[in-house]
Amino acid sequence: MAPEHLVVRRPFDDTVYGVLPATPPDAIAPAVARARVAQRAWARVPVTRRAAVFRELARLILAHRDRILDTIQEETGKARISALEEFLDAARAVRVFASQAPGLLRPSRRAGAIPLLTRTREYHRPVGVVGIINPWNYPFNLPASDAAQALLAGNAVVLKPDSQTPFTARLLAELFALAGLPENLFQVLPGSGSVLGPALVAEVDYVMFTGSTATGRRLAAACAERLIGFSGELGGKNPLLVLADANLRAAAAGTVRAAFANTGQVCVGIERAYVVGEVYDRFVEELLAQVASLRLGAGLDWNVDVGSLASAGQLAAVSRHVEDAVAKGAFMLAGGRPRPDLGPFFYEPTVLSGVTEEMALCREETFGPVLSLYRVASEDEAVERANDSRYGLNASVWSAGRGEAVAARLRVGTVNVNEGYAAAWGSHAASMGGMGESGMGRRHGSHGLLKYTEPQTVAVQRLHPIAPPRGVGNKGYADVMTRAIGLLNRWG
Ligand code: NAP
């Protein structure tokens, strides 16, 4: 039987933060029905007026900074500086999407079947009700930005937040309401994913999922069964490349941010670094000095760089990868220990070398503060090894002049040159997502918004139908049309 309540615990000290009712599975269909009614009215609101709600939302997010940061931190255990990252991201993303939406949704004139006689336009109609399922690692900016794009496109949204972070989702819903979003267009349905997932997929018209590749695969299959759209932002084992011409101090600082921000629980975060031999030793020295200066700790203040892992499950998964690697001969260069003195789920930022194929750490996503270093002979080897993964989410390239050329050879959805992940992620007008087993579909940018629409072609025929004129036989019509199409084909 599904639990009746969700008990949310603070990762900082494993005490209870709050309790709220879990959504029973039979409440999903009525919620989607309410969303459908609201959506029909919302789709008729001009997109410029819809956009006004999101401009106001961006303002409200900025105005509620401390409450948002506190709630995120209490539910996830992340450092305040990491909570700030998603707060800033959300505030900027919804504003950018509000600016982009009217242009992207404008109907486009297309060449008609018969020049002058057929006037053809392509429209973007909303899909209807979008189901969004989110993980715990970014509980504010992911639903804020995904919902913003779905709603701007004229849809309603039902959000199933992660069971660990429902209060952050509720706070977001409160801000949507304050911004003037009509009732029932954004509903939060907290509860277990395995319990609510099937009911949600059975009712909605599109599923936007962020989470593990395993769950994404199951949901994609269920959506395929119903022939509804699915977009999945899934796992990664993201590589970072340090080339011979890199600024090593900047590369080391960027690597530290990319590997240990959000305590390493970042889908686009870096878990493996390929460093060309001639700069390897100097890079490692610089990196380890910077890792040693990281401040770990619990609490809602600003004096911490790295917070807690999110749960006992996360601590177990990270410990398992590191212990397995060390048992099989990896070298520990930094960290490598839980820190129960700081809180029950703390783990030190960890750097390893000598990681080999038989270690789980080598290819599996760790999703924690663990970085593996590899010495490579050349740029070519770095590219080859970076691409040797079933994932393809994000990559980072550090180089004074080779970054964009290397990017063209990497099989990933985003490449950050001289930054870890934030430059591409924060380019909200451009698409974000993964190749390979890192996902399908994109969020952000035109792909992120238009995926929540169905293209509809409307062709208006004027003056004469597409048929033989009165008094002209089929043979005469065939000859005229053959010549006409021949002429048209000469133009293009
Ligand atoms: P997860 O287990 O797949 O859970 C994610 C969400 O899916 C949660 O809300 C969960 O609900 C729900 N869920 C679980 N089983 C479900 C089912 N059968 N049907 C429907 N929903 C279901 O992922 P996680 O391990 O918590 O999250 C970490 C993963 O997310 C990592 O692999 C990370 O790389 C990925 N991620 C990717 C991105 C990206 O943009 N590519 C961003 C962030 C995270 P409950 O709360 O009940 O568990």
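For ligands, and for the atoms within them, numbers begin at 1 and follow the listed sequence. Nothing here was measured: the structure is a model prediction, and the numbers come from that model. Numbering of residues begins at 1 and proceeds along the displayed sequence.
The pair R363-E357 meets the salt-bridge criterion, since a charged nitrogen lies less than 4.0 angstrom from a carboxylate oxygen. A salt bridge is absent between R409 and E384; no separation between the charged side-chain nitrogens and carboxylate oxygens falls under 4.0 Å.
Nearest to atom 31 (C) of ligand 1 among the protein's heavy atoms is E365 OE1, 3.5 Å. For atom 11 (O) of ligand 1, the closest non-hydrogen atom of the protein is K160 NZ, 3.2 Å. Among all non-hydrogen protein atoms, the one lying nearest atom 6 (C) of ligand 1 is N134 O, 3.5 Å.
Residue contacts with ligand 1 include R443, since one or more of its heavy atoms lies under 4.0 Å from the ligand. Not a single heavy atom of G434 lies less than 4.0 angstrom from ligand 1. For the ligand labelled ligand 1, residue F367 lies inside the 4.0 Å heavy-atom shell.
For the residue pair Q164 / E75, no side-chain donor-acceptor distance below 3.5 Å is found, with atom types taken as modelled.
Here the shortest heavy-atom distance to atom 18 (N) of ligand 1, taken over S194, G216, G232, belongs to S194.
Ligand 1 has a nitrogen or oxygen under 3.5 angstrom from a nitrogen or oxygen of G211. The distance criterion of under 3.5 Å between nitrogen or oxygen atoms is not met by T210 with respect to ligand 1. Looking at ligand 1, you won't find any N or O of W425 less than 3.5 Å from one of its N or O atoms. Distances between N or O atoms of Q164 and those of ligand 1 include no value under 3.5 Å. At least one N/O-N/O distance between G193 and ligand 1 falls below 3.5 Å. Considering both main-chain and side-chain atoms, L234 comes within under 3.5 Å of ligand 1 through a nitrogen or oxygen pair. Of the N or O atoms in T215, one or more lie within a sub-3.5 Å distance of an N or O in ligand 1.
Looking at N137 against ligand 1, only its side chain comes within 4.0 Å, counting heavy atoms.
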